[in-house]
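A short worksheet on the structure shown next.
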2 protein chains.
Amino acid sequence: MKTVPLHSAKKSAIACHNCSLSDLCLPRGLNRDELELLENSINKTVKIKKKDYLFHRDDTQQAIFAVKAGAIKTSLSTPDGEEQILGFYLPGDLLGFDAFARDRHTCDAQALDDTLVCELSMDNFQDLCGKLPIMRGQMMRQIGTEIEREQMLLLTLGQMRTEERLATFLSSLSERNQERGFSPAEFNLPMARHDLANYLGMAVETLSRMFSRLQEEKIIAVQHRLVKIDDMNRLKQLAHHTCRPASDVL
Amino acid sequence: MKTVPLHSAKKSAIACHNCSLSDLCLPRGLNRDELELLENSINKTVKIKKKDYLFHRDDTQQAIFAVKAGAIKTSLSTPDGEEQILGFYLPGDLLGFDAFARDRHTCDAQALDDTLVCELSMDNFQDLCGKLPIMRGQMMRQIGTEIEREQMLLLTLGQMRTEERLATFLSSLSERNQERGFSPAEFNLPMARHDLANYLGMAVETLSRMFSRLQEEKIIAVQHRLVKIDDMNRLKQLAHHTCRPASDVL
DNA sequence: CGTCGTCTTGAGAAAGCTCAATCGCGGTGG
DNA sequence: CCACCGCGATTGAGCTTTCTCAAGACGACG
C-alpha cells in the first residue's frame with residue numbers, strides 16, 4: 001500500500017532496440033542517433049510488487065511508464081474512500097500521460113500483480129520531445145487515445161446494461177490481444193472480479209452472474225480468469241449495438 | 001441538424017482585450033505585441049442556431065472555440081444512434097481540445113440554444129503555440145482539465161446513485177457559476193431534462209423524480225429550468241460523500 | 001385560446017443490489 | 001500426502017432502485 005521509491009532499480013538490462021515491446025512504444029522512423037538518445041533517456045526498469053503503487057494522485061514526481069510484464073490499474077477515489085477504476089494497463093501499454101497536461105498525476109496507479117515497467121521521467125521526456133519532433137506526435141496520439149478510451153467508457157457506463165458492458169469489455173480485450181499478436185479467442189483476465197466489477201460500475205455478484213449468463217448463452221466459456229470466446233459475432237453484437245431499447249430516437 | 005459552414009461569420013466585432021470573457025480564455029501575462037498576435041489569429045465570431053452542430057466526430061477542419069453566449073453539448077454516439085453526452089460548455093468555456101491530440105475531433109458538438117462562439121483554427125492555434133510559450137502551457141492545462149472532468153464523470157456514473165449524481169451535478173454547476181461571478185445559489189439550467197438525464201446516465205423520469213425528491217427534502221427549489229439551492233451543505237454532502245454504502249473498504 | 005413539446009407523476013415490471021450461504025482452489029502445517 | 005484454512009468466485013433469495021409505459025399538467029408560442 002505504499003508508493004514504491006523511484007530510482008530504486010538498476011538501469012534496464014534490455015536496450016530499447018532489443019525490447020520485445022519496441023513496436024509498441026518506440027516511435028517509428030528513428031535513426032540510430034535518435035534511438036540512442038531515447039535509450040539514454042530511459043531512466044531504468046522498475047519492479048513493483050502486487051498492490052504497490054506506481055504513482056499517486058498529485059504526485060509531482062511524474063514519469064511515463066511502459067508496462068513490460070504484469071498489470072496496472074489506474075483509479076480515482078472520493079474523500080470517503082470510494083474508488084472508480086479508470087483503466088487497466090497491460091504489457092505494451094504506456095501510462096502516465098495523465099500528468100502531462102498538468103504538473104502532477106490526476107489518478108492513482110496500482111499494480112494488480114508483480115509488475116515490470118520501464119520508466120522515462122517527465123523531464124527527460126519533455127527534453128526528448130524538444131529534440132525529436134516525432135516524439136511529440138507520438139505523445140499527442142497517446143493523449144488522444146487516453147481521451148477516447150475514457151469517452152468510450154463513459155458511453156459504456158452511461159448507456160449500457162450490465163451484460164452489454166461486460167460484452168464490450170471482453171470484445172475490446174480480445175481486439176487488444178489480437179493487436180498484440182495473442183489469441184483473440186482465449187486469454188486470461190489480468191484482474192480480479194472485484195476490480196473488473198468496479199471498472200464496469202456494477203456489483204461483483206452481478207458481474208459473476210453476467211459471466212454465467214454469457215456462458216449459458218454459449219457466447220463464452222469462462223473458468224476463473226480464463227476466458228474463451230465461442231461466438232465472437234454475438235459477443236460483438238451485444239457490445240456494439242444493443243444499448244438501451246432506444247426509447248426516444250428522433 | 002447540419003454542420004454550420006465555418007468561415008460564415010464576420011470578423012469579431014469585439015477585440016479580445018475588450019471581451020468580457022478575456023479573464024477566462026486569455027493566458028495571463030501577455031504583453032501588447034503578443035496580445036495583438038492573438039487577436040489577429042482569432043478567425044472570427046460564429047453564430048450557430050439551436051440544434052446545429054459546431055463540429056462532428058472525425059471532422060478534420062479543427063478549431064478551438066470559446067463560448068460567448070448560449071450553450072454547447074459534446075457527445076459520442078454508437079452505430080445504432082445511442083448517444084452519451086460528454087459535457088456541457090457554457091459562456092467562458094473553451095472546447096475543441098479533443099481534436100488537439102489527433103488530427104480530428106473525437107466527438108460531436110451541438111448547440112443547445114442559439115449560440116455565439118469565438119473561433120481559433122487549429123492551424124493558427126498551433127502557430128501561436130510555437131510563438132507564445134505561455135499559450136502552450138495554457139493549452140496543456142485545458143487538456144488536463146478536460147481529462148479530469150471526464151474522470152470525475154466516470155466516478156459519478158460508476159459509483160453514485162441517481163440522487164447523488166444530480167446533487168454532484170448541481171453542486172459543480174453552482175461552483176462554476178460562482179467562479180464566473182454569478183450567483184451560486186440561483187441559476188438557470190442551460191439544458192433540457194432530456195439532455196441532463198442522458199449526461200447523468202438515467203431516464204428522464206428518474207431525473208424528474210430526483211429533482212422532486214431534492215425539493216421535498218428542502219435542499220433545492222426547482223421550477224422548470226430555474227434552480228435555487230436552499231441548503232448548500234446538504235447538497236454538497238450528498239454530492240461528495242455518499243457514494244455507495246461502502247461495502248468493502250479495507 | 002388551442003396545440004405541441006416538455007416536464008411531472010403514477011403504477012407495475014425489470015434490473016441490479018445486498019446479504020448470506022456455498023463452492024473451489026491454492027497454500028500451509030501436521 | 002492429506003486435511004485444513006482462507007480468499008475469491010458463484011449462486012440464491014429478497015429487496016431496492018431504476019426503468020418503462022401511460023396519463024396528465026404545465027408553458028411557450030402561434
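The chains referred to below are lettered A, B, ... by the order of the sequence lines, with proteins before strands, and numbering in each begins at 1. Everything quoted here is computed from the prediction, not taken from an experiment.
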Identify every side-chain donor-acceptor pair in residues 181-188 of chain A under 3.5 Å, counting partners at least two apart or on other chains, and give the distances.
from: A:S183; atom 1: OG; to: A:A185; atom 2: N; distance (Å): 3.1
from: A:S183; atom 1: OG; to: A:E186; atom 2: N; distance (Å): 3.1

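- In the model, A:T106 has a side-chain atom that pairs as donor or acceptor with a side-chain atom of B:Q151 under 3.5 Å.
- Evaluation of the ring-ring contact (aromatic ring centres under 6.0 Å, His included) test over residues 67-89 of chain B, restricted to residues two or more places apart or in two chains, returns B:F88-B:Y199.
- Between A:R161 atom CZ and D:dT17 atom P the separation is 19 Å, expressed in whole Å.
- Contact detail for B:G201 and B:R165: the closest heavy-atom pair is O-NH1, 3.1 Å.
- Over its full length, the helix from C:dC1-D:dG30 to C:dG30-D:dC1 turns its helical axis through 30°, comparing axes from the five pairs at each end and rounding to 10°.
- Nucleotide D:dA28 holds its C1' atom 14 Å from the CG atom of B:D113, rounded to whole Å.
- Rounding to whole angstrom units, NZ of residue A:K50 and P of D:dC7 are separated by 12 Å.
- Between the CG atom of B:N198 and the P atom of D:dC19 there is a distance of 12 Å, given to the nearest Å.
- Salt-bridge annotation for B:K47 and B:D114: absent, with no side-chain N of the basic residue lying under 4.0 Å from a carboxylate O of the acidic one.
- The distance from atom CE of A:M202 to atom P of D:dT10 is 13 Å, rounded to the nearest whole Å.
- When the side-chain contact (heavy atoms from CB on, under 4.5 Å) test is applied to A:S208, no partner is found at least two apart in sequence or on another chain.
- Atom-to-atom, CD of A:E216 to C1' of D:dT11 comes out at 11 Å; the value is rounded to the nearest Å.
- Although no hydrogens or angles enter the test, the distance criterion places no donor-acceptor pair under 3.5 Å between the side chain of A:D195 and the main chain of A:A192.
- The side-chain contact (heavy atoms from CB on, under 4.5 Å) search around A:E163 returns A:M210, A:R213, A:L214, A:E217, A:L238, not counting sequence neighbours.
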For nucleotides 5-9 of chain C, give me every protein contact, N/O to N/O, under 3.5 Å, one pair per line with atom names.
from: C:dC7; atom 1: OP1; to: B:R193; atom 2: N; distance (Å): 3.2
from: C:dC7; atom 1: OP2; to: B:R193; atom 2: N; distance (Å): 3.4
from: C:dT8; atom 1: OP1; to: B:R193; atom 2: NH2; distance (Å): 3.2
from: C:dT8; atom 1: OP2; to: B:R193; atom 2: NE; distance (Å): 2.9
from: C:dT8; atom 1: OP2; to: B:S208; atom 2: OG; distance (Å): 2.9
from: C:dT8; atom 1: O5'; to: B:S208; atom 2: OG; distance (Å): 3.0
from: C:dT9; atom 1: OP2; to: B:S212; atom 2: OG; distance (Å): 2.5

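- What separates CD of B:E164 from P of C:dC17 is a distance of 14 Å, to the nearest Å.
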